[in-house]
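Here the structure comes first, spelled out in structure tokens, and everything after it is commentary.
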Amino acid sequence: LVDPVDTAKRSTRVYRRTYLSTVDFDVNFSVPQLIKGPLNVVPSVSIANVDPGAYLVRSERTGSAWVSQSKRLSYGLGVSPTFYGIFGGFGKVEKFRHAITASLSYSYSPAAAVGAAYLAALGRTLVGYNGAEAQNRVTLSLAQNIEAKMRLPKDSAQSNPEAARKIKVLSLTFTPLTWDFERARKKGRSGFATDNFGTTIRSDLLPDFDFGADYSLFQGSVLSDSAVFSPY
């Protein structure tokens, strides 16, 4: 345990058991779409937790008492265009369709505060904590799908041309990556605000099979000044 008044003072305590109870909620406002069509420009307004954790927590460190954190407004604007191409097939495949969906969003949240009691309930301290700073972020995510439209026998094609079977040959989904300009402008810090980056692969050629690979981008918590960019 770290003394919040003097962080150089530390003590050891053994608990009979550990537990964590949480209560959480977020508020999102529906905002009319600005631009309809290929770009799909959509603004957003939300009230979210300052810290990524739950709004109310109770642990062995607080006993029966609940402690809460703060919430803050977040304003955003996003675009999600889809690019695709149609390619000729071969064999039993009539044609292939390759679609790439990109989602780019910008969000801003003003600086706020998280109480020492809340962090202490989770075994953390305010020393080196940067989760309450202003956020000026850009987030990018990508997904791509390759589909195959199968050929039909001539008699079936004439009676029902829409009955061609479609198979998802390959589906690649990437974890969103976030860059924080507020964090990047401070000396010695990386602008990455994403703890993990990964990809998921699925295919109808292997039903019920999912493959995922993830990288931990930081040694330490991304909410701490001591975090070091070190993909693993």
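Model, not experiment: these values are computed from the prediction.
Residues meeting the ring pair (Phe, Tyr, Trp, His ring centres under 6.0 Å) test with Phe218, sequence neighbours left out: Phe229. In terms of the salt bridge (charged side-chain N to carboxylate O under 4.0 Å, His left out) criterion, Asp195 has no residue partners (sequence neighbours excluded). Scored by the salt bridge (charged side-chain N to carboxylate O under 4.0 Å, His left out) test, Arg61 finds no partners at all (sequence neighbours excluded). Partners of Thr178 according to the side chain to side chain contact (heavy atoms under 4.5 Å, CB included) rule, which considers only residues two or more places apart in sequence or in another chain, are Arg137, Thr139, Ala193, Thr194. Every side chain to side chain contact (heavy atoms under 4.5 Å, CB included) that Tyr108 has, sequence neighbours left out, goes to Tyr106, Pro110, Ala134, Asn136. Glu147 pairs by the salt bridge (charged side-chain N to carboxylate O under 4.0 Å, His left out) definition with nothing, not counting sequence neighbours.
Note on residues 43-67: pairs passing ring-ring contact (aromatic ring centres under 6.0 Å, His included), not counting sequence neighbours, are Phe25-Tyr55. Within the structure, every pair that satisfies the salt bridge (charged side-chain N to carboxylate O under 4.0 Å, His left out) test and touches residues 16-32, not counting sequence neighbours, is listed here: Asp26-Lys71.
When the side chains of ILVMFWY residues are joined at heavy-atom separations under 4.5 Å, either directly or via intervening members, Val23 and Tyr19 end up in two distinct hydrophobic clusters. In terms of hydrophobic clustering, with Ile, Leu, Val, Met, Phe, Trp and Tyr side chains grouped at heavy-atom distances under 4.5 Å, Tyr75 and Ile47 are assigned to a common cluster. No single ILVMFWY cluster, assembled from side-chain heavy atoms under 4.5 Å apart, contains both Tyr118 and Leu56. Hydrophobic clustering (side-chain heavy atoms under 4.5 Å, transitive across Ile, Leu, Val, Met, Phe, Trp, Tyr) groups Tyr215 together with Leu142. Put simply, Leu140 and Val138 are part of the same group of oily side chains (I, L, V, M, F, W, Y) that touch within less than 4.5 Å, one to the next.
Apart from Tyr232 itself, the hydrophobic cluster it occupies contains nothing, where clustering links Ile, Leu, Val, Met, Phe, Trp and Tyr at side-chain heavy-atom distances under 4.5 Å. Hydrophobic cluster of Val228: no remaining members, since no ILVMFWY side chain lies below 4.5 Å from it. Applying the under-4.5 Å side-chain rule to Ile, Leu, Val, Met, Phe, Trp and Tyr, the cluster around Val42 consists of that residue alone.
Taken from CG in Asn145 to OG in Ser171, the straight-line distance is 4.0 Å, to the nearest 0.5 Å. One distance of note links NZ of Lys166 with CE of Met150; it measures 13.0 Å at 0.5 Å rounding. Rounded to the nearest 0.5 Å, atoms OH (Tyr129) and CG (Leu119) are 5.5 Å apart. Interatomic distance, Leu20 CG to Arg58 CZ, rounded to the nearest 0.5 Å: 10.0 Å. Summarising the geometry, atom CG belonging to Leu172 is positioned 10.0 Å from atom OG belonging to Ser203; distances are rounded to the nearest 0.5 Å. Taken from CG in Asp180 to CG in Asn130, the straight-line distance is 9.0 Å, to the nearest 0.5 Å.
Residues Val41 and Val79 meet the side-chain proximity criterion, which asks for heavy atoms closer than 4.5 Å. A 4.5 Å side-chain heavy-atom check between Asp51 and Arg124 finds at least one atom pair inside the cut-off.
Ala121 and Ser59 make their closest contact through O-OG, 2.7 Å (heavy atoms, listed as atom of the first residue, atom of the second, distance). The shortest non-hydrogen separation linking Val169 to Ala148 is CG2-CB, 3.7 Å. In plain terms, the two heavy atoms of Ser74 and Ser107 that are nearest each other are OG-CB, 4.2 Å.
Side-chain atoms of Gln69 come within 3.5 Å of backbone atoms of Gly53 as a donor-acceptor pair (strictly under, hydrogens ignored). Remark: side-chain polar atoms of Ser109 are not paired, donor with acceptor, to backbone N or O of Gln135 under 3.5 angstrom. Remark: the backbone N or O of Gly198 is paired with a side-chain donor or acceptor of Thr175 at under 3.5 angstrom.
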Just distance, no hydrogens or angles: give the donor-acceptor pairs under 3.5 Å from side chains in residues 95-103, sequence neighbours left out.
from   : atom 1 : to     : atom 2 : distance (Å)
His98  : NE2    : Gln144 : OE1    : 2.7
Thr101 : OG1    : Thr82  : OG1    : 3.4

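In this structure, Phe174 places its CZ atom where more than 12 heavy-atom neighbours from other residues, nucleotides or ligands lie under 6.0 Å away. By the 6.0 Å contact criterion, CZ on Phe211 is open, its count of non-hydrogen atoms from other residues, nucleotides or ligands being 12 or less. Within a 6.0 Å radius of CD in Gln219, other residues, nucleotides and ligands contribute 12 heavy atoms or fewer. With a 6.0 Å radius and a threshold of 12 heavy atoms from other residues, nucleotides or ligands, Tyr15 has its OH atom above the threshold.
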Mind running side-chain contact (heavy atoms from CB on, under 4.5 Å) on Val31 and Ser44 for me, showing each step along the way? CA-CA 6 Å; Val31 182; Ser44 64; 5.6 Å; no

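Of the candidates Phe181, Phe197, Trp179, Trp179 is the only one forming a ring pair (Phe, Tyr, Trp, His ring centres under 6.0 Å) with Phe192.
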